[in-house]
Peer 1: 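Please find one structure pasted underneath; my questions will follow.
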Amino acid sequence: VPQWNAIRPLAQECLSKAGSLVYVGDVKQAIYGWRGGDSALFESVLQDPEIRAVAPEPKRVNLPNNWRSSKEIVQFNNTVFSRLAEPDIALAFAEQVLSGASDRVVQLTADTIRHSFDRCAQSVPEHKAQSGGLVRLYDVSGEKTEALHEHMQEHMIRLFSEDLLLRRRPGDIAVLVRKNSEAALVTEWLVSRNIPVITENSLALAAHPVIRQIVALLHFLDYPLNDLAFWECLSGGPLLSA
């Protein structure tokens, strides 16, 4: 949003002199919100009254081809996101996300979702239409946060050891999470199984078993009666209570 506010005067100036403004975006990549991106701009710019004053008939063009992803990935995206263009699906989604909001807010959100994903399906160029890519969905649940994390850890470790690491190098694998705290948690799970990990915030040295053992050893040397530090130094992990 700040970037758009900065260039809006330039866009108005250009359009008022018979120039043009072209911008490209993809609401399916709203995941980049963690980098400050705002997918709502894709629609709001078209409705911006100051822009519409000098460009009353803006054109919206959907790019037909996906040049980046493999065939199976594009087909998966088409199947999932095209449904959001259906009024009933968009409304149901808005009701789930905005539970407790007024009917007006829910309906406005549903309309925005529906317009944003209208005709979002793409094709794969013929010369790139070779088979490739894989999408799998797993349902992992838990009654409480602790139970969910436990199930997630079990499932992730199994996925890495029985599938991913048999097909890919660790450096080819990325784990996406919503929060830094979740990244730290996933890092701890993987490091505990000697799976190399690099995070955005650090190299996770503090979570590495060897580093933890060294720190525990220093704690023990500083205070030899520290049985917990002695145990962690020998075992490589903290003493877990039953």
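No experiment lies behind these values; they were computed from the predicted model shown. Heavy atoms only: backbone and side chains are in, while hydrogens, waters and symmetry mates are out.
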Peer 1: Run Gln213 and Leu217 through side-chain contact (heavy atoms from CB on, under 4.5 Å) and show every step you take.
Peer 2: CA-CA 6 Å; Gln213 284 179 282; Leu217 174 61; over 6 Å; no

Peer 1: So, Ser70 side chain and Ile73 main chain: donor-acceptor pair closer than 3.5 Å or not?
Peer 2: no

Peer 1: Might you point out which heavy atoms bring Trp4 and Ala11 nearest each other, and give the distance in Å?
Peer 2: CH2-CB, 4.2 Å

Peer 1: Over all heavy atoms of both residues, which pair between Ala110 and Ala90 is shortest? Give the atoms and the distance, please.
Peer 2: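 Result for this residue pair: O-CB, 3.6 Å.
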
Peer 1: Any heavy-atom pair between the side chains of Ile51 and Gln12 that's under 4.5 Å?
Peer 2: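 SC-SC contact between Gln12 and Ile51 confirmed.
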
Peer 1: More than 12 heavy atoms of other residues, nucleotides or ligands under 6.0 Å from CZ of Arg193: yes or no?
Peer 2: no

Peer 1: Applying the 4.5 Å side-chain criterion to the ILVMFWY set and letting contacts propagate, would Val97 and Leu108 be lumped into a single cluster?
Peer 2: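 Result: no, two separate clusters.
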
Peer 1: Can you tell me how far the CD atom of Gln75 sits from the CD atom of Glu72, to the nearest 0.5 Å?
Peer 2: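 Gln75 atom CD to Glu72 atom CD measures 6.0 Å (nearest 0.5 Å).
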
Peer 1: Does any part of the side chain of Ser82, heavy atoms only, come nearer than 4.5 Å to the side chain of Cys120, both counted from C-beta?
Peer 2: yes

Peer 1: Hey, could you give me the CZ/CG distance between Arg114 and Asp88, rounded to the nearest 0.5 Å?
Peer 2: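 Going from the CZ atom of Arg114 to the CG atom of Asp88 covers 10.0 Å.
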
Peer 1: Scan residues 136-184 for pairs that pass ring-ring contact (aromatic ring centres under 6.0 Å, His included), counting only residues two or more places apart or in two chains.
Peer 2: Tyr138-His155

Peer 1: For Arg104, does the CZ atom sit with more than 12 other heavy atoms under 6.0 Å from it, leaving out its own atoms?
Peer 2: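 12 or below, so no.
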
Peer 1: Where is the tightest heavy-atom contact between Ala216 and Cys233, given as atom of each residue plus distance?
Peer 2: CB-N, 3.7 Å

Peer 1: Between NZ of Lys17 and CG of Leu15, what distance do you get to the nearest 0.5 Å?
Peer 2: 12.0 Å

Peer 1: Can you give me the closest heavy-atom contact between Leu165 and Pro170, atom names plus distance?
Peer 2: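 Looks like CD2-CG, 3.9 Å.
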
Peer 1: Does CG belonging to Asp103 count more than 12 external heavy atoms closer than 6.0 Å?
Peer 2: no

Peer 1: Name each donor-acceptor pair under 3.5 Å that joins a side chain in residues 218-228 to protein atoms two or more places apart or in another chain, with its distance.
Peer 2:
{"from": "Asn226", "atom 1": "OD1", "to": "Leu228", "atom 2": "N", "distance (Å)": "3.3"}
{"from": "Asn226", "atom 1": "OD1", "to": "Ala229", "atom 2": "N", "distance (Å)": "3.0"}

Peer 1: Nearest 0.5 Å please: distance from the CE atom of Met152 over to the CD1 atom of Ile157.
Peer 2: 10.5 Å

Peer 1: Within this structure, what is the CG-CE distance for the pair Leu164 and Met156, rounded to the nearest 0.5 Å?
Peer 2: 9.0 Å

Peer 1: Should we count CZ of Phe81 as having more than 12 external heavy atoms under 6.0 Å?
Peer 2: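 Atom CZ in Phe81 is packed in, count exceeds 12.
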
Peer 1: How long is the gap from CD on Glu95 to OG1 on Thr109, to the nearest 0.5 Å?
Peer 2: 11.0 Å

Peer 1: Write down the atom of Asp118, the atom of Asn62, and the distance for their closest heavy-atom approach.
Peer 2: O-ND2, 3.8 Å

Peer 1: Which atoms form the tightest heavy-atom contact between Val105 and Leu98, and what is the distance?
Peer 2: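 Smallest heavy-atom distance, with atoms named: CG1-CD1, 4.0 Å.
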
Peer 1: Answer yes or no: is there an ion pair linking Asp163 with Arg167, defined by an N-O contact shorter than 4.0 Å?
Peer 2: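 So Asp163 pairs with Arg167 through a salt bridge.
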
Peer 1: If only atom types and distance count, is the side chain of Gln122 paired as donor or acceptor with the main-chain N or O of Leu63 below 3.5 Å?
Peer 2: yes

Peer 1: Does a side-chain heavy-atom distance below 4.5 Å link Tyr23 with Leu46?
Peer 2: yes

Peer 1: Cluster partners of Val22, using ILVMFWY side-chain heavy atoms under 4.5 angstrom, listed by chain and number?
Peer 2: none

